[in-house]
Amino acid sequence: MKKLGLGDAIIRIGDRSIAEGYIREKLSEDNDTRVSEMLRSLDKMGKKSVEEITDEAVKKGISKEKLALLFDFAKVRGNSNDVLSKTNELGYAEGGDLRRLVEALEVRGVGNLEIDLGLVRGLDYYTGIVFEVFDGTDNRIGALAGGGRYDILTKILGRPEIGAVGVA
């Protein structure tokens, strides 16, 4: 991003496994279809109003109470060390992969990170770490790049032994 002249780019990092763990454990949701729909609801945040997202999700059988708690969860965002300590305080999943990624990036001098627990990306084949890159000087543009870990897609394509990460 620096070579492209976007030195102010911000890398937002989320972890679908933390969000899914929160939905399953803290919101006591065990229906796979509703879990997927709740993850899609998170992905719509910032693109639609909370009311629109809520109306759509309620029609699909998700309670307003669970959605309100999910939207509060999605507000946990900021400095990587602060957010990672909050995940433990608030009883979310430990976030081991996320913690290891942040440490690896910091060692490499990547400091423009923001952890965003509401960032899940909308496609169901994502399984773990996901990310989006934003212009730090103009948030109207939207994501400049995005991607993440997707083991399910390789399994669908007949190669379950291969994990994959992609970016577009």
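- Ile129 is not connected to Ile10 by any chain of hydrophobic side-chain contacts under 4.5 Å among Ile, Leu, Val, Met, Phe, Trp and Tyr, and they are in different clusters.
- At a threshold of 4.5 Å between non-hydrogen side-chain atoms, the residues Leu69 and Lys26 do not count as touching.
- The OG1 atom of Thr137 sits 5.5 Å away from atom CG of Asp8, with the distance rounded to the nearest 0.5 Å.
- Using a 4.5 Å heavy-atom cutoff, the side chains of Met38 and Leu27 are in contact.
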Please report the C-alpha distance between Glu132 and Leu119 in whole Å, then the side-chain angles of each, then the deciding distance to 0.1 Å, and finally whether the side-chain contact (heavy atoms from CB on, under 4.5 Å) criterion is met. CA-CA 8 Å; Glu132 292 182 346; Leu119 178 63; 3.5 Å; yes
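- Side chains of Phe73 and Ile18 form a contact here, defined as non-hydrogen atoms less than 4.5 Å apart.
- Residue-environment remark: NZ (Lys66) exceeds the threshold of 12 foreign heavy atoms within 6.0 Å.
- Using a 4.0 Å cut-off between a side-chain N of Lys or Arg and a carboxylate O of Asp or Glu, Asp32 and Arg24 qualify as a salt bridge.
- The distance from atom CG of Asp97 to atom CZ of Arg149, rounded to the nearest 0.5 Å, is 8.5 Å.
- No side-chain heavy atom of Leu144 sits under 4.5 Å from any side-chain heavy atom of Phe134.
- Geometric assessment of Arg12 against the ring of Phe131 yields a negative cation-pi assignment under the 6.0 Å and 45° thresholds.
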Asp15 vs Val130, side-chain contact (heavy atoms from CB on, under 4.5 Å): CA-CA, chis, key distance, verdict: CA-CA 6 Å; Asp15 187 339; Val130 292; over 6 Å; no
Throw together a table of side-chain donor-acceptor distances under 3.5 angstrom for residues 106-113, partners on residues two or more places apart or in other chains.
| unit_1 | atom_1 | unit_2 | atom_2 | d |
| --- | --- | --- | --- | --- |
| Glu106 | OE2 | Ser80 | OG | 3.3 |
| Arg108 | NH1 | Ala104 | O | 2.9 |
| Asn112 | ND2 | Ala9 | O | 2.6 |

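- With hydrogens and angles disregarded, a donor-acceptor distance shorter than 3.5 Å links the side chain of Arg16 to the backbone of Arg121.
- Of the possible donor and acceptor atoms, none in the side chain of Ser36 sits under 3.5 Å from a partner among the backbone N and O of Thr33.
- Here the CD1-CG distance, from Ile23 to Asn31, works out to 11.5 Å after rounding to the nearest 0.5 Å.
- Considering only heavy atoms from C-beta on, Ile13 comes within 4.5 Å of Leu105 through its side chain.
- Under the 4.5 Å side-chain criterion, counting only non-hydrogen atoms from C-beta, Arg77 is not in contact with Ile115.
- In this structure, the separation between CZ on Arg34 and CD on Glu37 is 11.0 Å, given to the nearest 0.5 Å.
- One finds the CG atom of Leu39 at 12.5 Å from the OH atom of Tyr22 (value rounded to the nearest 0.5 Å).
- Atom NZ in Lys155 sits 10.0 Å away from atom CG in Asp151 (nearest 0.5 Å).
- For the pair Val76 and Asp116, the minimum side-chain heavy-atom distance is 4.5 Å or more.
- Checked for salt-bridge contact, Arg40 and Asp43 miss the test: no charged N lies under 4.0 Å from a carboxylate O.
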Give every donor-acceptor pair under 3.5 Å between a side-chain atom in residues 159-168 and any protein atom, sequence neighbours left out.
| unit_1 | atom_1 | unit_2 | atom_2 | d |
| --- | --- | --- | --- | --- |
| Arg159 | NE | Glu161 | OE2 | 2.6 |
| Arg159 | NH2 | Glu161 | OE2 | 2.8 |

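- Using a 3.5 Å distance cut-off with no hydrogens or angles, the side chains of Ser49 and Glu52 do pair a donor with an acceptor.
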Working for side-chain contact (heavy atoms from CB on, under 4.5 Å), residues Val58 and Lys64: CA-CA 7 Å; Val58 166; Lys64 285 184 179 183; 3.6 Å; yes
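- Of all heavy-atom pairs between Leu67 and Ala57, the closest is CD1-CB, 3.6 Å.
- By the side chain to side chain contact (heavy atoms under 4.5 Å, CB included) test, Ile53 is found to be paired with Ser41, Lys44, Met45, Lys48, Phe71, residues two or more places apart in sequence or in another chain being considered.
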